[in-house]
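One structure below.
Atoms considered below: every heavy atom in the structure, side chains included; atoms not considered: hydrogens, waters and symmetry mates.
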Amino acid sequence: MAAFDPKNLKPAHTVAEFADSAQSQRTAKAVVLDGIKKQLALFKDPRVEGRRWFTSGASHTAFTIRVANKPLKLSGEETKLAVETKDFEAALDYFAKEIAAGKLDEQLNAATGAMEARKDKMRTTRAAKKASKPEETPTE
């Protein structure tokens, strides 16, 4: 086996798949579509831990679809709908297709702005915390 050459190491941000610009371009549409996939997985296996956007009752399941920690308006002003439990997966598939087709783009564009504002706030908070920390002096 050949010895590892440290010259092969490079900063992750210089690799396209790990670049910050690629991560920051993740749209609200992509986030919500991934969220729907996650909810379907949680529905199929109730033992899996995770935040659920749905509540199953005796015969029906109520659900919301969320992005940037806010529910989308799914029918008029309604953010929470219910469907027979047997139709829950089909209902989420329906909304995934609607979202992919651009039917909820207005709400998703607003959510993209909220996501960016949250990222900026987190950056500012982290910078302030870092600046307020006293520098540690090395001990001998």
Side-chain angles (χ1 to χ4, degrees):
M1 175 178 0
F4 175 74
D5 184 359
K7 291 178 186 174
N8 291 335
L9 295 170
K10 53 187 152 189
H13 73 274
T14 63
V15 179
E17 61 190 301
F18 302 115
D20 286 341
S21 61
Q23 291 296 329
S24 67
Q25 290 179 3
R26 188 172 153 152
T27 63
K29 185 181 281 191
V31 170
V32 78
L33 290 172
D34 287 347
I36 288 173
K37 288 179 191 172
K38 174 71 173 175
Q39 294 306 306
L40 288 169
L42 290 170
F43 181 73
K44 289 176 183 175
D45 189 355
R47 296 174 306 217
V48 174
E49 289 189 33
R51 184 169 183 205
R52 286 165 168 71
W53 297 346
F54 61 90
T55 305
S56 293
S59 62
H60 285 73
T61 297
F63 66 94
T64 60
I65 296 178
R66 306 179 74 81
V67 65
N69 206 26
K70 297 194 186 231
L72 295 175
K73 294 176 184 174
L74 303 174
S75 178
E77 293 296 311
E78 292 294 326
T79 59
K80 189 171 192 176
L81 300 177
V83 66
E84 285 188 43
T85 300
K86 67 179 178 69
D87 294 330
F88 176 69
E89 291 179 56
L92 284 189
D93 286 338
Y94 165 78
F95 279 108
K97 288 176 185 166
E98 292 286 298
I99 290 164
K103 303 277 171 101
L104 299 175
D105 278 356
E106 187 176 320
Q107 292 182 68
L108 294 175
N109 290 338
T112 299
M115 287 168 51
E116 289 302 318
R118 184 169 187 267
K119 284 180 196 174
D120 290 341
K121 183 178 179 182
M122 288 176 18
R123 284 185 194 111
T124 304
T125 302
R126 283 190 203 114
K129 282 184 180 179
K130 188 174 182 179
S132 70
K133 260 189 182 178
E135 284 191 34
E136 291 183 24
T137 53
T139 58
E140 296 185 42

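- Enclosure of atom NZ in K38 is not indicated, since only 12 or fewer non-hydrogen atoms of other residues, nucleotides or ligands lie within 6.0 angstrom.
- Nearest heavy atom pair, residue W53 against residue I65, reads CE3-CA, 3.8 Å.
- Atoms CG and NZ, from D93 and K37 in turn, are 11.0 Å apart once rounded to the nearest 0.5 Å.
- Smallest separation of non-hydrogen atoms from A62 and K80: CB-CE, 3.7 Å.
- Shown here for T61 and F54, the closest heavy-atom pair between the two residues is CG2-CB, 3.8 Å.
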**Q.** CA sep, side-chain torsions, deciding dist, call: F43, T85, side-chain contact (heavy atoms from CB on, under 4.5 Å)
**A.** CA-CA 10 Å; F43 181 73; T85 300; 3.8 Å; yes
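- Summarising the geometry, atom CG belonging to L92 is positioned 11.5 Å from atom CG belonging to D87; distances are rounded to the nearest 0.5 Å.
- Note on ring orientation: taking the six-membered ring where Trp is involved, the planes of F63 and F88 are perpendicular (angle over 60°, cut-offs 30° and 60°).
- For the atom pair CZ of R66 and CG of L72, the computed distance is 9.0 Å after rounding to the nearest 0.5 Å.
- Side chain of Q39 to backbone of R51: a donor-acceptor contact under 3.5 angstrom is found.
- Nearest heavy-atom pair across A111 and A68 is O-CB, 4.2 Å.
- A distance of 13.5 Å separates CG of L81 from NZ of K73, quoted to the nearest 0.5 Å.
- Minimum interatomic distance between L33 and A96 (heavy atoms only, all atoms of both residues): CD2-O, 3.5 Å.
- The CG atom of L74 lies 7.5 Å from the CD1 atom of I99; values are rounded to the nearest 0.5 Å.
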